[in-house]
Colleague: 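Can you read through this structure? Questions will come right after.
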Amino acid sequence: MTIYSISCTIDPQKDDLRKQLLKDHVAFIIQNKDSLAFGGVASNEDSSMEKICYFLNANSPSEAEDFIRKDPYMAIYQGEVEILKFLQRIPEVEAGYFEALYQKLCARDRT
């Protein structure tokens with residue numbers, strides 16, 4: 001299974017609709033929580049929500065697309081929803097990954 005990052009820009013003109021859809025959105029998240037690695041909201045300095053970001057365990061990009069299409073909040077997103085394969089590095093999934101990488105890079109520089 002692969003983690004996909006899903007980044008959705010919130011249309012600021014649809015805040016009333018967002019509030020109306022909140023209950024259905026929360027139910028959707030609860031339904032899918034076993035597939036979600038983590039997620040949350042990116043806000044600007046005045047705490048206005050800018051983006052919703054999900055990190056979804058899925059078998060394919062099309063499975064990630066299917067997930068986001070079913071999100072009730074699709075009605076408040078503007079523009080393209082960005083779906084990318086995500087490789088977790090921090091915190092380290094493999095203990096010692098960065099130390100080993102650093103040693104490899106140092107060895108390469110010595111050649």
Side-chain angles (χ1 to χ4, degrees):
M1 192 148 310
T2 302
I3 297 176
Y4 290 90
S5 70
I6 304 172
S7 179
C8 312
T9 301
I10 299 168
D11 185 339
Q13 304 302 313
K14 295 184 178 177
D15 197 53
D16 288 340
L17 179 58
R18 182 191 60 76
K19 290 173 185 171
Q20 291 171 21
L21 294 172
L22 180 60
K23 182 179 173 187
D24 291 339
H25 172 71
V26 170
F28 173 77
I29 296 302
I30 291 168
Q31 255 182 331
N32 291 282
K33 70 181 177 183
D34 291 340
S35 298
L36 289 162
F38 57 97
V41 177
S43 300
N44 61 25
E45 288 299 314
D46 70 0
S47 297
S48 298
M49 291 189 293
E50 294 278 328
K51 290 182 179 273
I52 294 179
C53 304
Y54 302 98
F55 292 82
L56 179 74
N57 291 303
N59 292 308
S60 66
S62 61
E63 193 175 306
E65 289 171 16
D66 194 43
F67 164 84
I68 200 61
R69 263 191 251 113
K70 293 176 183 173
D71 181 359
Y73 269 8
M74 272 302 290
I76 67 161
Y77 300 146
Q78 76 181 47
E80 294 287 318
V81 170
E82 183 178 56
I83 299 174
L84 300 170
K85 190 182 283 192
F86 180 77
L87 299 173
Q88 180 179 339
R89 296 288 190 231
I90 304 168
E92 294 173 309
V93 176
E94 261 179 66
Y97 169 81
F98 282 107
E99 288 80 2
L101 176 60
Y102 182 75
Q103 293 301 319
K104 184 178 177 181
L105 294 170
C106 287
R108 186 185 69 190
D109 287 347
R110 285 190 294 267
T111 58

Colleague: What's the spacing between Lys51 NZ and Met49 CE if we round to 0.5 Å?
Modeller: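 It is 14.0 Å, given to the nearest 0.5 Å.
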Colleague: Taking atom CG of Asn59 and atom OH of Tyr4, what is their separation to the nearest 0.5 Å?
Modeller: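 Going from the CG atom of Asn59 to the OH atom of Tyr4 covers 8.0 Å.
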Colleague: Closest approach of Arg89 and Tyr97, non-hydrogen atoms and distance?
Modeller: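 In this case the closest contact between Arg89 and Tyr97 is NE-OH, 3.3 Å.
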Colleague: Check this for me: Ile90, atom CD1, are more than 12 non-hydrogen atoms of other residues, nucleotides or ligands nearer than 6.0 Å?
Modeller: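 No - once you tally the heavy atoms of other residues, nucleotides and ligands closer than 6.0 Å, there are 12 at most.
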Colleague: If you look only at distance, which donor and acceptor atoms sit under 3.5 Å apart when one is on a side chain in residues 78-86 and the other is two or more places apart or in another chain?
Modeller:
none

Colleague: Looking at CG of Leu56 and CE of Met1, how far apart are the two atoms once the value is rounded to the nearest 0.5 Å?
Modeller: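 It is 9.0 Å, given to the nearest 0.5 Å.
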Colleague: Where is the tightest heavy-atom contact between Glu92 and Glu99, given as atom of each residue plus distance?
Modeller: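 That would be OE2-OE1, 3.6 Å.
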Colleague: Suppose the criterion is side-chain hydrogen bond (donor to acceptor under 3.5 Å, both in side chains): which pairs have a residue in residues 14-28, not counting sequence neighbours?
Modeller: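 Found Asp15-Arg18, Asp15-Lys19, His25-Asp71.
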Colleague: Quick one: pull up CZ in Phe67 and OH in Tyr54 and give me the separation to the nearest 0.5 Å.
Modeller: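 Taking CZ in Phe67 and OH in Tyr54, the distance rounds to 5.5 Å.
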Colleague: Of all the heavy-atom pairs spanning Ile6 and Ala64, show the shortest one and how long it is.
Modeller: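 Smallest interatomic distance, heavy atoms only, reads CD1-O, 4.0 Å.
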Colleague: Which word best sums up how the rings of Phe55 and Phe38 line up, parallel for under 30°, tilted for 30 to 60°, or perpendicular for over 60°?
Modeller: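 Correct class here is parallel.
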Colleague: Specify the closest pair of heavy atoms between Leu36 and Asn57, including all atoms of both residues, with the distance to one decimal.
Modeller: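 Between these two residues, the closest heavy atoms are C-ND2, 4.3 Å.
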Colleague: Could you measure the distance from the CD1 atom of Ile3 to the OG atom of Ser35? Nearest 0.5 Å is fine.
Modeller: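 It is 11.5 Å, given to the nearest 0.5 Å.
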Colleague: Given the rule that I, L, V, M, F, W and Y join up when any side-chain heavy atoms are under 4.5 Å apart, are Ile30 and Val41 in one cluster?
Modeller: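 In one cluster: yes.
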Colleague: Could you tell me the separation between the CD1 atom of Ile76 and the OG1 atom of Thr9, rounded to the nearest 0.5 Å?
Modeller: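 Ile76 atom CD1 to Thr9 atom OG1 measures 10.5 Å (nearest 0.5 Å).
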Colleague: If you take all heavy atoms of Leu21 and Ala75, which pair is closest and at what distance?
Modeller: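 Looking at all heavy atoms of both residues, the closest pair is CD1-CB, 4.0 Å.
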